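Labels below follow one simple rule: chain letters A, B, ... track the order of the sequence lines, proteins then strands, and each chain is numbered from 1. Nothing here was measured: the structure is a model prediction, and the numbers come from that model.
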Amino acid sequence: MLGAVALAVGAALHRVGVAAVLTGGACASFYTRGAYQSLDIDFVVVGPATQAAVDEALASLGFSRKGDRYVHPRVRYFVEFPRGPLAIGDDYQIRPVIRDGRAGRMLMLSASDACRDRLTAFYHWSDRQSLEIAVAIALNQRINLSAIRLWSNQEGFPHRFEEFTAELRRRRARRRRS
Amino acid sequence: MAVTFTSSPFGSRGRTGALIALRLLGESYPRELSRLLDMRLSATQKALHSLELDGLVVGRLMGRTRLYQLNPRYFAAGALAAYLGRLAEPEEPFKARISALRRRPRRAGKPL
């Protein structure tokens with residue numbers, strides 16, 4: 001459900017020419033096949049866009065602006081647009097991927113970047129839930145572990161990266177046994 | 001007495017002051033910041049909210065208190081911290097206010 005709403009919103013934005021990338025928990029939900037759920041759907045706008053164009057795209061789906069977010073009378077998820085730039089830690093050269101669905105086409109973080117995005121919360125705030133989600137993404141998707149290792153070192157968290165990979169190994173072993 | 005800053009490059013005294021304070025303190029909450037900046041609590045909360053929207057600070061609940069810090073996930077977090085550190089250098093009266101705060105732990109029940 002979350003994925004379907006996110007895709008519908010992303011496609012609506014794409015239709016009016018707003019380049020926006022799905023990030024955060026909703027993006028993680030896609031890559032964990034719904035194992036992780038979030039109430040907010042975050043898009044970071046990565047190109048020129050007017051407020052009117054965003055309003056128009058969201059209104060076409062029945063969302064209306066309420067303060068900083070867009071809400072829908074029959075959908076429990078809300079849509080937000082955190083300020084850019086699109087970045088993960090110090091890295092702002094992010095290359096989004098295209099996702100096609102029945103609703104249309106949208107931009108989102110790659111699985112590796114969604115994993116890094118969750119890892120930043122684990123690195124900076126010791127947020128174990130974010131570690132769980134990063135591991136779940138790595139279990140369900142093909143990710144570039146060596147690039148994540150390099151980035152983790154550059155961010156100053158080599159030990160935390162080792163904790164992540166140790167957890168990932170444990171989960172993979174458990175999955176093989178079961 | 002109202003705290004004045006040499007400059008307000010982040011748009012207002014409240015926003016700049018809150019950022020400098022968070023750079024120096026590491027973490028703080030609206031009431032502490034409003035006392036330090038000698039601003040109304042509502043004005044301080046408004047400044048923090050706008051900084052949060054800009055992605056420069058983040059807040060999290062600790063019990064019933066919302067604790068704020070500079071956003072470590074901001075893409076220019078290192079550069080921002082360095083800039084705020086530089087901005088803090090000439091603000092001697094403000095730094096003296098911050099230095100007067102006791103923030104180190106104290107065993108419960110120990111007399112002050």
Side-chain angles (χ1 to χ4, degrees), chain A residues 21 23-25 27-28 40 42-46 51 54 65-70 78-96 109 113-131 133-134 148 151-157 160, chain B residues 8-12 14-16 18-19 21-30 32-33 41-86 103 105:
Chain A
V21 180
T23 67
C27 190
D40 54 329
D42 291 340
F43 280 92
V44 174
V45 175
V46 292
Q51 183 72 62
V54 175
R65 185 146 52 99
K66 193 173 181 184
D68 309 322
R69 60 181 57 163
Y70 290 83
F78 49 87
V79 182
E80 291 188 313
F81 292 88
R83 305 265 162 87
L86 183 65
I88 301 167
D90 280 350
D91 182 7
Y92 59 89
Q93 291 180 321
I94 309 297
R95 298 174 70 173
L109 291 180
D113 286 343
C115 183
R116 286 199 297 157
D117 182 48
R118 294 296 97 180
L119 283 175
T120 55
F122 170 58
Y123 290 172
H124 290 290
W125 296 303
S126 303
D127 184 62
R128 308 297 300 189
Q129 187 189 51
S130 295
L131 172 63
I133 300 165
I148 296 176
W151 165 80
S152 300
N153 290 344
Q154 286 166 349
E155 292 281 316
F157 294 98
R160 285 280 160 106
Chain B
S8 297
F10 290 93
S12 72
R15 280 171 56 97
T16 303
L19 285 171
L22 290 174
R23 167 68 177 81
L24 296 174
L25 292 167
E27 222 172 29
S28 187
Y29 49 95
E32 183 177 59
L33 289 171
L41 179 61
S42 59
T44 308
Q45 286 167 328
K46 194 174 162 190
L48 287 167
H49 180 64
S50 71
L51 290 169
E52 202 171 8
L53 285 179
D54 285 336
L56 301 181
V57 307
V58 284
R60 66 198 166 102
L61 273 179
M62 287 286 276
R64 292 171 59 185
T65 304
R66 194 157 176 79
L67 278 178
Y68 287 89
Q69 64 176 139
L70 297 179
N71 184 1
R73 300 208 296 175
Y74 181 55
F75 86 106
L80 176 65
Y83 179 48
L84 291 170
R86 184 79 172 130
R103 306 189 98 222

Which atom of A:R83 lies closest to which atom of B:L53, heavy atoms considered | CG-O, 2.8 Å

Least distance between heavy atoms, A:D68 atom then B:H49 atom | OD2-NE2, 3.3 Å

Quick one: what part of A:D117 sits under 4.5 Å from any heavy atom of chain B, side chain, backbone, both or neither?
-> both

Contact class of A:D90 relative to chain B, heavy atoms under 4.5 angstrom = both

Max heavy-atom pairs within cutoff under 4.5 Å with chain B, candidates A:F81, A:Y92, A:W125, goes to A:W125

Distance in Å, A:H124 NE2 paired with B:Q69 CD, rounded so as to fall on 0.5 Å steps | 9.5 Å

